[in-house]
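Here's the structure we're looking at; comments come further down.
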Amino acid sequence: MRSSKSRSRAKNNRNRPSGGNVVNRVFDSSGPEGKVRGTPQQIIDKYNQLARDAQLSNDRVAAENFQQHAEHYLRLLSEAQREMDARREEQERQNRERQAERDRERTERQERETVRQSDPAEAPQPDVMGFAADAAAPESGLVETPESKSPEEAEKKEKPARRPRARKPKAAPAATEDAPSGNGDTPEAAE
């Protein structure tokens with residue numbers, strides 16, 4: 001089992017987060033009048049009050065000592081605030097850059113939309129395949145419509161209307177058995 005001394009040493013040697021948020025962090029200050037506990041601003045205020053009290057009692061040495069303690073925490077606080085301001089400015093710069101990038105993308109997207117929505121006659125037109133008048137032209141795979149033909153071609157190649165197919169007349173029944181009937185029956189099949 002460990003002794004209490006080793007446990008207390010281990011407790012003091014713990015890795016505490018350095019830096020961090022010094023503005024809101026609670027400090028224990030061992031000053032000439034005992035411990036002062038609080039955030040840096042609270043400790044500064046307390047030491048300034050003790051310095052005023054020492055001045056009023058004509059103890060210039062104690063007043064100077066309290067002022068030096070207050071100055072120490074004032075430096076800590078100002079350094080922490082400088083770091084926070086630098087971090088904030090860096091974040092604001094990054095935010096401005098991201099916003100500028102988003103704005104550029106938005107304007108590019110709007111320009112593309114504007115081009116798509118503009119007058120189709122002004123938009124770039126695709127290449128159109130020409131129709132060949134002769135039959136030797138390769139097959140394009142497109143259906144030929146009356147609109148795609150020239151008026152002369154349309155008149156030349158217009159087909160006449162279809163007539164119904166004529167039916168064959170039925171043959172009269174044959175008088176003899178040897179003659180085949182017109183209905184496809186043979187004399188052998190008739191018997």
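Below, each value reflects all heavy atoms present in this structure, side chains not excepted, and no hydrogens, waters or symmetry copies.
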Any carboxylate oxygen within less than 4.0 angstrom of a Lys/Arg side-chain nitrogen, looking at [X] and [Y]?
{"X": "R87", "Y": "E90", "answer": "no"}
{"X": "E101", "Y": "R104", "answer": "yes"}
{"X": "E64", "Y": "R60", "answer": "no"}

Min side-chain heavy-atom separation R109-R112 under 4.5 Å: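 Yes, close enough: below the 4.5 Å cut-off.
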E71 side chain to Q67 side chain, donor-acceptor N/O pair below 3.5 angstrom: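 Judged by distance alone, the side chains do not pair up.
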Side chains of R52 and Q49, donor plus acceptor under 3.5 Å: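 Present: a donor and an acceptor within the cut-off.
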R37/V26 under side chain to side chain contact (heavy atoms under 4.5 Å, CB included): CA gap, chis, key distance, verdict: CA-CA 7 Å; R37 181 173 173 85; V26 175; 3.8 Å; yes
The single option from R98, Q99, Q91 passing side chain to side chain donor-acceptor pair (under 3.5 Å) against N95: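 So the option named by the test is R98.
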Please report the interatomic distance [atom1]([X]) to [atom2]([Y]), rounded to the nearest 0.5 Å.
{"X": "S29", "Y": "H72", "atom1": "OG", "atom2": "NE2", "result": "7.0 Å"}
{"X": "L50", "Y": "D59", "atom1": "CG", "atom2": "CG", "result": "11.5 Å"}
{"X": "Y47", "Y": "L74", "atom1": "OH", "atom2": "CG", "result": "14.0 Å"}
{"X": "I43", "Y": "L76", "atom1": "CD1", "atom2": "CG", "result": "9.0 Å"}
{"X": "R82", "Y": "L77", "atom1": "CZ", "atom2": "CG", "result": "10.5 Å"}
{"X": "D28", "Y": "K35", "atom1": "CG", "atom2": "NZ", "result": "5.0 Å"}

Heavy-atom pair with the smallest gap, counting every atom of A63 and A54: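 What the structure gives for the nearest pair is N-CB, 3.5 Å.
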Nearest heavy-atom neighbours spanning G31 and H69: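 For G31 and H69, the tightest heavy-atom pair comes out as CA-NE2, 3.9 Å.
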Counterpart residues, side-chain hydrogen bond (donor to acceptor under 3.5 Å, both in side chains), relative to R96 (two or more places apart):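 With neighbours one apart ignored, the set is empty.
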Under 3.5 Å donor-acceptor, E89 side chain and A86 backbone: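 Here the side-chain-to-backbone pair does not exist.
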Contacts of F66 that satisfy ring-ring contact (aromatic ring centres under 6.0 Å, His included) - sequence neighbours left out: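 Listed in chain order: nothing, the list is empty.
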Side chain to side chain contact (heavy atoms under 4.5 Å, CB included) between R88 and D85, worked out: CA-CA 5 Å; R88 187 178 311 117; D85 290 343; 2.9 Å; yes
Mutual orientation of the aromatic rings belonging to F27 and Y73 [parallel < 30°, tilted 30-60°, perpendicular > 60°]: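 Perpendicular: the ring planes of F27 and Y73 meet at over 60°.
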